[in-house]
Amino acid sequence: MDDRRITIPDLLSKKVSGRKITMLTAYDYPLASLIAEAGVDLLLVGDSLGNVALGYDSTVSVTMEEMLHHSRAVRRAAPQALIVADMPFLSYQISGEQSIANAGRLIQTGGADAVKVEGGNRRIAGITAAIIACGIPVMGHVGLTPQSAVMLGGYKVQGKDSENARRIVEEALALEQAGCFSVVLECLPAALAEFISRRLKVPTIGIGSGSGCDGQVLVTHDLLGLTARGVPRFVKQYADLRRTAAAALREFLADVEERRFPAKEQAAAIDPAIIRGLADVFKETS
Ligand code: KIV
């Protein structure tokens with residue numbers, strides 16, 4: 001019996017009935033279990049893993065092995081969740097066969113339910129269709145696609161002129177045509193994202209693209225205030241866990257140095273007679 005909290009058809013029903021979809025990034029066991037317990041619809045093992053959790057400069061350094069390692073941890077933490085894993089840079093751009101094999105690894109050994117690819121040009125749409133034809137669900141991603149941020153002129157809003165706006169609409173439609181079950185719209189003007197969301201039958205999930213999308217995704221570390229780097233303007237920070245954690249760490253140091261930790265209640269007791277017996281056997285040397 002499948003007792004998953006939410007399935008891919010449920011996402012479509014949510015769109016049809018106007019209920020918003022939620023997705024959050026997860027890379028490790030502790031945060032993935034928290035996120036799953038909060039009741040999010042989808043967990044995304046994003047390749048933002050590279051910048052957020054591994055200290056890389058960009059997502060292009062993230063490897064298949066790293067995605068598999070983190071995807072498995074997320075699956076162990078959230079056995080019932082609908083998990084999407086990002087296909088890392090050059091794991092799907094080279095050939096259809098290699099893409100299918102890599103997508104298959106993320107599902108078979110990484111524990112993901114679906115994969116996400118970036119871009120929607122003819123080549124990527126064709127590769128996406130080939131992955132889907134093998135029975136692997138694919139989420140698309142258009143607009144600001146971080147794996148090609150250098151070519152897009154950096155991390156900035158996309159589709160502001162009519163030529164690029166039209167190209168992005170065409171890419172989103174091509175991904176839907178290829179069989180994607182959902183498409184992420186990253187850093188688009190709100191009206192463009194809303195336009196695409198109305199044209200697509202499958203749900204759109206926005207990040208930095210306004211409120212007209214069918215769902216929203218954020219990088220969990222950004223919304224929890226866990227990241228040392230600055231957060232993009234579109235992020236709403238719901239907590240300042242980095243500050244809370246820093247205070248807790250300083251308190252630990254002070255407690256150890258001032259001998260307040262460990263206290264009696266954090267230590268195990270033993271019959272004093274045993275220690276006296278040991279003292280008879282092991283004499284103090286100095
Ligand atoms: O890698 C990631 O976290 C993503 C989201 C920002 C959509 O692709």
Side-chain angles (χ1 to χ4, degrees), residues 11 20-28 31-32 35 40-64 66-71 73-74 81-93 103 106 110 112-120 124 128 137-149 152 154-158 168 171-172 175 180-188 193 196-197 202-210 213-224 226-227 229-237:
L11 299 176
K20 294 284 183 184
I21 296 165
T22 54
M23 179 162 88
L24 284 170
T25 58
Y27 319 119
D28 62 24
L31 271 184
I35 296 164
V40 73
D41 291 322
L42 295 138
L43 273 79
L44 172 66
V45 188
D47 60 355
S48 51
L49 162 75
N51 322 57
V52 177
L54 300 180
Y56 297 152
D57 283 345
S58 80
T59 58
V60 299
S61 308
V62 177
T63 65
M64 268 301 291
E66 286 164 340
M67 287 306 301
L68 287 165
H69 177 78
H70 287 271
S71 183
V74 170
L82 187 53
I83 296 176
V84 181
D86 259 337
M87 295 199 67
F89 183 55
L90 291 189
S91 71
Y92 59 97
Q93 292 92 339
L106 286 166
D113 298 296
V115 298
K116 177 163 80 57
V117 302
E118 290 186 9
I124 297 297
T128 299
V138 181
M139 176 179 273
H141 183 159
V142 299
L144 174 56
T145 43
Q147 291 174 12
S148 37
L152 297 173
Y155 294 86
K156 58 185 194 187
V157 176
Q158 302 293 310
I168 292 167
E171 288 180 356
L175 289 169
C180 283
F181 68 92
S182 172
V183 180
V184 168
L185 306 180
E186 180 162 355
C187 285
L188 297 184
I196 295 171
S197 303
V202 298
T204 60
I205 303 193
I207 175 162
S209 298
C213 302
D214 303 305
Q216 294 293 326
V217 55
L218 278 181
V219 169
T220 302
H221 287 64
D222 289 346
L223 85 87
L224 292 180
L226 264 174
T227 173
R229 64 193 172 112
V231 295
R233 193 175 69 91
F234 59 76
V235 170
K236 179 170 174 188
Q237 201 176 309

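Counting starts at 1 for both ligands and their atoms, following the listed order.
- For the residue pair Gln147 and Val60, the shortest heavy atom distance occurs at O-CG1, 3.5 Å.
- Taking both residues in full, the closest heavy atoms of Asp28 and Val74 are given as N-CG2, 3.9 Å, listed atom of the first, atom of the second, then distance.
- When the options Gly46, Ser48, Ala26 are ranked by their closest heavy atom to atom 3 (O) of ligand 1, first place goes to Ser48.
- A donor and an acceptor atom, one from each side chain of Tyr27 and Ser48, are located under 3.5 Å apart.
- Distances from ligand 1 to the non-hydrogen atoms of His141 include at least one value under 4.0 Å.
- Considering both main-chain and side-chain atoms, Glu186 never comes within under 3.5 Å of ligand 1 through any nitrogen or oxygen pair.
- Side chains of Val157 and Leu144 form no contact here, defined as non-hydrogen atoms less than 4.5 Å apart.
- In the vicinity of Thr25, heavy-atom distances shorter than 4.0 Å reach the ligand 1 atoms 3 (O).
- Taking atom 5 (C) of ligand 1 as the reference point, the nearest protein heavy-atom neighbour is Leu44 CD2, 3.7 Å.
- With a 4.0 Å cut-off on non-hydrogen atoms, Thr59 does not touch ligand 1 at all.
- Judged as a side chain to side chain donor-acceptor pair (under 3.5 Å), and not counting sequence neighbours, Gln216 has no contacts.
- With a 4.0 Å heavy-atom cut-off, ligand 1 is reached by no atom of Leu49.
- Side-chain N or O atoms of Ser61 include none that pairs as donor or acceptor with a backbone N or O of Thr59 at under 3.5 Å.
- Residue contact check: Asp47 has heavy atoms under 4.0 Å from atoms 1 (O) of ligand 1.
- For ligand 1, the atoms sitting less than 4.0 Å from at least one non-hydrogen atom of Ile207 are 6 (C), numbered in the order shown with element in parentheses.
- Side-chain contact between His221 and Leu31: present, with at least one pair of heavy atoms (C-beta onward) separated by less than 4.5 Å.
- Salt bridge annotation for Asp41-Lys20: absent, with no cationic side-chain nitrogen under 4.0 angstrom from a carboxylate oxygen.
- Those atoms of ligand 1 that come under 4.0 Å of a heavy atom in Lys116, given as number and element, are 4 (C), 8 (O).
- Taking every heavy atom of Asp86 and a limit of under 4.0 angstrom, the matching atoms of ligand 1 come to 1 (O), 2 (C), 8 (O).
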